[in-house]
Amino acid sequence: VQLQASGGGLVQTGGSLRLSCAASGRTFSIYAMGWFRQGTGKERECVASISSSGGSTNYADSVKGRFTISRDNAKKMVLLQMNSLKPEDTAVYYCATGLSMPRLRVGLGEYWGQGTQVTVSS
């Protein structure tokens with residue numbers, strides 16, 4: 001599976017961005033998917049994950065209520081809608097496949113995209 005993340009950019013506090021992750025490969029729909037981020041000097045964290053069917057989602061406390069993860073298996077896409085952005089959301093965001101959501105939450109991704117920069121100005 002190859003992953004291509006896009007949609008990052010510069011936005012003001014309170015603004016919104018939508019990240020996209022396009023996948024290639026036949027096995028996309030069997031994987032859970034996750035969005036991760038890594039800010040400067042910070043550890044990488046899983047901010048959102050979604051099950052292979054899309055029926056279950058999980059969010060880090062820091063983004064709960066502001067971010068929404070979704071997927072379209074027919075289009076092999078995973079989206080991360082980010083609203084009410086804060087300066088602390090500034091980071092490089094990555095998408096990754098995972099064998100399960102719990103594995104993603106501890107950082108065990110199988111395939112990783114290249115990352116897209118999100119910068120939130122105050």
Side-chain angles (χ1 to χ4, degrees):
V1 177
Q2 291 185 321
L3 303 174
Q4 180 77 31
S6 62
L10 174 63
V11 65
Q12 291 185 334
T13 296
S16 298
L17 282 174
R18 188 176 75 168
L19 304 184
S20 299
C21 178
S24 62
R26 297 181 180 181
T27 58
F28 171 77
S29 62
I30 71 172
Y31 288 106
M33 294 295 298
W35 281 99
F36 295 75
R37 70 184 181 188
Q38 187 166 21
T40 302
K42 298 181 180 180
E43 292 188 357
R44 186 176 61 194
E45 65 170 331
C46 181
V47 297
S49 58
I50 189 166
S51 63
S52 58
S53 68
S56 296
T57 58
N58 184 269
Y59 299 92
D61 288 342
S62 57
V63 306
K64 203 169 291 183
R66 300 187 298 121
F67 289 11
T68 302
I69 188 172
S70 60
R71 69 187 294 164
D72 185 332
N73 284 342
K75 295 182 178 178
K76 298 182 183 178
M77 294 280 293
V78 178
L79 303 177
L80 184 69
Q81 178 67 41
M82 306 186 296
N83 298 328
S84 302
L85 283 163
K86 306 175 181 180
E88 50 264 43
D89 295 318
T90 295
V92 178
Y93 283 71
Y94 303 86
C95 57
T97 65
L99 296 179
S100 69
M101 291 172 64
R103 285 176 64 89
L104 284 170
R105 287 199 292 271
V106 295
L108 296 177
E110 303 300 313
Y111 299 96
W112 294 83
Q114 86 289 2
T116 185
Q117 176 70 46
V118 171
T119 303
V120 184
S121 63
S122 57

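Summarising the geometry, atom NZ belonging to Lys75 is positioned 12.5 Å from atom CG belonging to Asn73; distances are rounded to the nearest 0.5 Å. One distance of note links CG of Leu17 with OG1 of Thr116; it measures 8.5 Å at 0.5 Å rounding.
Every residue was checked against the ring pair (Phe, Tyr, Trp, His ring centres under 6.0 Å) condition with Phe28, not counting sequence neighbours, and none meets it. Residues that satisfy the side-chain contact (heavy atoms from CB on, under 4.5 Å) test with Thr27, not counting sequence neighbours, are Val1, Ile30, Tyr31. Checked against salt bridge (Lys or Arg N to Asp or Glu O under 4.0 Å), Glu88 has no partners two or more places apart in sequence or in another chain. Remark: Ser122 pairs with Thr13, Pro87 by the side-chain contact (heavy atoms from CB on, under 4.5 Å) rule, at least two apart or across chains. Among residues two or more places apart in sequence or in another chain, the side-chain hydrogen bond (donor to acceptor under 3.5 Å, both in side chains) test is passed with Gln4 by none. Residues satisfying the side-chain contact (heavy atoms from CB on, under 4.5 Å) criterion with Gln117, sequence neighbours excluded, are Thr90, Val92, Thr119. Listed by chain and residue number, nothing satisfies the side-chain hydrogen bond (donor to acceptor under 3.5 Å, both in side chains) test with Asp72 (two or more places apart in sequence, or in another chain). Annotation: side-chain contact (heavy atoms from CB on, under 4.5 Å) contacts of Ser100 (sequence neighbours excluded): Pro102, Arg103.
Within the 4.5 Å cutoff, the side chain of Val63 has heavy atoms near those of the Arg37 side chain. Counting heavy atoms from C-beta on, the side chains of Met33 and Thr97 come closer than 4.5 Å. The closest side-chain heavy-atom distance from Leu104 to Asn58 is not below 4.5 Å.
Closest approach of Ser84 and Arg66 over heavy atoms only: O-NH1, 3.0 Å. Nearest approach of Ser49 to Cys46, heavy atoms of both residues: CB-SG, 4.3 Å. Nearest heavy atoms, Ser62 versus Glu45: OG-OE1, 4.1 Å. Minimum interatomic distance between Ser29 and Ser52 (heavy atoms only, all atoms of both residues): O-CB, 3.3 Å.
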Derivation of the side-chain contact (heavy atoms from CB on, under 4.5 Å) call for Ser16 and Gln81: CA-CA 7 Å; Ser16 298; Gln81 178 67 41; 4.0 Å; yes
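Leu3 and Leu108 end up in different hydrophobic clusters when Ile, Leu, Val, Met, Phe, Trp and Tyr side chains are linked at under 4.5 Å.
Atom CD of Gln2 sits in a sparse spot, with 12 or fewer heavy atoms from other residues, nucleotides or ligands closer than 6.0 Å.
Alongside Leu79, the hydrophobic cluster contains Met77 (criterion: ILVMFWY side chains under 4.5 Å).
Salt bridge status for Lys86 with Asp89: absent, with no side-chain N to carboxylate O gap under 4.0 Å.
Residue pairs meeting the ring pair (Phe, Tyr, Trp, His ring centres under 6.0 Å) criterion with at least one partner in residues 32-53, sequence neighbours excluded, are Phe36-Trp112. Pairs of residues two or more places apart, or lying in two chains, never qualify as ring pair (Phe, Tyr, Trp, His ring centres under 6.0 Å) while including a residue from residues 52-98. Residue pairs meeting the disulfide bond (SG atoms under 2.5 Å apart) criterion with at least one member in residues 90-122, sequence neighbours excluded: Cys21-Cys95.
Of the residues Ile69, Thr68, Val118, Val11, the one that meets the side chain to side chain contact (heavy atoms under 4.5 Å, CB included) test with Met82 is Val118.
Checked by atom type and distance alone, the side chain of Glu110 never pairs as donor or acceptor with a backbone atom of Ala96 at under 3.5 Å. Judged purely by atom type and a 3.5 angstrom limit, Arg71 has no side-chain atom pairing as donor or acceptor with the backbone of Gly54.
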